Undergrad: 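Handing you this structure, nothing more for now.
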Amino acid sequence: MDFVTYWLTADGAISLTTAAVLITTSTITSLITAIFGIGGGVLLIAVMAGSLPVSALIPVHGLVQLGSNGNRALMTFRYIDWSMVKFFSFGALLGAVVATFIVVQLPLVVIQFAVAGFILFLVWGSKPKAQEMQPVGRSLAGLVTTLISMFVGATGPLVAAFVHRNNYNKMQITATMASCLTFQHGLKAFVFTFVGFSFFQWLGLIFAMIISGAVGTYVGLKVLKKIPADKFLVLFKVIVTLLAIRLIVQAVSDLV
């Protein structure tokens, strides 16, 4: 096994073909998130859930999302609402502290059902009406979503439900969400390191996905105001729903 293959496949934990699919998916999902502010993380974890060992799913996804959201925050820095980020981060820190005491390794079937159900709820569930959030609400959003993210991974759309309560324009939504999620995924990486997960084996794949994701983010921000969101959103919902159904079918097959 050559050096590149060793790092991209996490020492043979996945195939080179799977690694290529994940790297390409990272580009596409980062592009989706850059355009719509949400969605990419859900789609990415749906693909990763059928590709990675269960022990690596949430922590690897979290570190990739840390890089993806960090890149997007840097590219949209001047649009960030720092008040929202400040209170959200305070709550997220509290959520991470709680998570260090309760985070556990769940069986694959439980992960599959939880991720699939969470995806379907976030895609098709009702969304709150827009209104300005108070500091307590912003901190509570950080606490709850950070705690949940330790178990289901893709909380971007859930964070969006809180961020969208503020009167933001499209760029402010994308920038502020990226900043909140960067801090949240940074905490997640710390928590999983604290409880014993070793990222070293997966660093090659993670860095490749972060770099490819940066390309998707750059392109997505360029076309942010040019793609008709309503038509694309329908296609996105269909794709994500099919991936969620696929996870459910896999989980049921494992039970049979």
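Keep in mind that this is a model prediction, so the values were computed, not measured. All values below were derived from every heavy atom in this structure, side-chain atoms included, with hydrogens, water molecules and symmetry-related copies excluded.
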Undergrad: Would you list the atom pairs, donor with acceptor, under 3.5 Å between side chains in residues 83-96 and any protein atom, with sequence neighbours excluded?
TA:
from: Ser83; atom 1: OG; to: Arg138; atom 2: NH1; distance (Å): 3.0
from: Ser89; atom 1: OG; to: Val85; atom 2: O; distance (Å): 2.7

Undergrad: What do the steps show when you test Thr18 against Ser15 for side chain to side chain donor-acceptor pair (under 3.5 Å), and what is the final call?
TA: CA-CA 5 Å; Thr18 298; Ser15 69; 2.9 Å; yes
Undergrad: To the closest 0.5 Å, what do you measure between CD1 (Ile80) and CE (Met177)?
TA: 12.5 Å
Undergrad: Applying side chain to side chain donor-acceptor pair (under 3.5 Å), can you list everything that pairs with Thr145, at least two apart in sequence or on another chain?
TA: Gln184
Undergrad: Is it possible for you to say whether Leu187 and Leu147 belong to one hydrophobic cluster, with membership spreading through side-chain heavy-atom contacts below 4.5 Å?
TA: no
Undergrad: For the residue pair Cys180 and Val159, what are the closest heavy atoms and their distance?
TA: CB-CG1, 4.5 Å
Undergrad: Report the distance from atom CD1 of Ile58 to atom CG of Leu63, rounding to the nearest 0.5 Å.
TA: 13.0 Å
Undergrad: Treating Ile, Leu, Val, Met, Phe, Trp and Tyr as nodes and any side-chain heavy-atom pair under 4.5 angstrom as an edge, say whether Phe77 and Tyr79 lie in one connected cluster.
TA: no
Undergrad: Between atom CG of Asp81 and atom CD1 of Ile173, what is the distance when rounded to the nearest 0.5 Å?
TA: 11.5 Å
Undergrad: How close do Ser55 and Pro59 get, counting heavy atoms only, and between which atoms?
TA: O-CG, 3.6 Å
Undergrad: For the atom pair CG (Leu221) and OG1 (Thr217), what is the distance rounded to the nearest 0.5 Å?
TA: 6.5 Å
Undergrad: Please enumerate all residues that pass side chain to side chain donor-acceptor pair (under 3.5 Å) together with Asn69, with sequence neighbours excluded.
TA: Arg72
Undergrad: Quick check: is Leu22 connected to Val42 through a chain of hydrophobic side chains (ILVMFWY, heavy atoms under 4.5 Å apart)?
TA: yes
Undergrad: Output all residues satisfying side chain to side chain contact (heavy atoms under 4.5 Å, CB included) with Val252, sequence neighbours left out; order by chain, then residue number.
TA: Phe113, Ile248, Val256
Undergrad: Which donor-acceptor pairs under 3.5 Å do the side chains of residues 197-214 make with protein atoms, sequence neighbours left out?
TA:
from: Gln201; atom 1: NE2; to: Ala10; atom 2: O; distance (Å): 2.6
from: Ser212; atom 1: OG; to: Ile23; atom 2: O; distance (Å): 2.9
from: Ser212; atom 1: OG; to: Ala208; atom 2: O; distance (Å): 3.2
from: Ser212; atom 1: OG; to: Met209; atom 2: O; distance (Å): 3.0

Undergrad: Atom OG1 of Thr182 and atom CG of Leu74: how far apart are they, to the nearest 0.5 Å?
TA: 8.0 Å
Undergrad: Under 4.5 Å between any side-chain heavy atoms of Leu140 and Val144, yes or no?
TA: yes
Undergrad: Look up atom NZ in Lys188 and atom OG1 in Thr193, then write down how far apart they are to the nearest 0.5 Å.
TA: 12.5 Å
Undergrad: If the condition is ring pair (Phe, Tyr, Trp, His ring centres under 6.0 Å), which residues does Tyr218 pass it with, not counting sequence neighbours?
TA: none
Undergrad: Using the side chain to side chain donor-acceptor pair (under 3.5 Å) criterion, which residues pair with Ser51? Sequence neighbours excluded.
TA: none
Undergrad: Not counting sequence neighbours, list each pair that qualifies as a side-chain hydrogen bond (donor to acceptor under 3.5 Å, both in side chains) and has a residue in residues 29-44.
TA: Ser30-Ser68
Undergrad: Go through it in stages, so that I can follow the logic: the residues are His61 and Leu44, the test is side chain to side chain contact (heavy atoms under 4.5 Å, CB included), and I'd like the CA-CA distance, side-chain angles, deciding distance and then a yes or no.
TA: CA-CA 8 Å; His61 175 268; Leu44 182 61; 4.0 Å; yes
Undergrad: Would you kindly confirm whether Phe192 and Phe183 end up in one hydrophobic cluster when ILVMFWY residues are joined by side chain heavy atoms under 4.5 Å apart?
TA: no
Undergrad: I'd like to check the side chain to side chain donor-acceptor pair (under 3.5 Å) partners of Thr76; sequence neighbours left out, ordered by chain and number.
TA: none
Undergrad: So does Gln172 get a backbone contact from the side chain of Thr176, meaning a donor-acceptor N/O pair under 3.5 Å?
TA: yes
Undergrad: Kindly write out the residues that satisfy side chain to side chain contact (heavy atoms under 4.5 Å, CB included) with Phe194, not counting sequence neighbours, or none if the list is empty.
TA: Thr100
Undergrad: Apply the hydrophobic cluster definition, ILVMFWY joined by side-chain contacts under 4.5 Å directly or through others, and give me every member besides Ile245.
TA: Val249
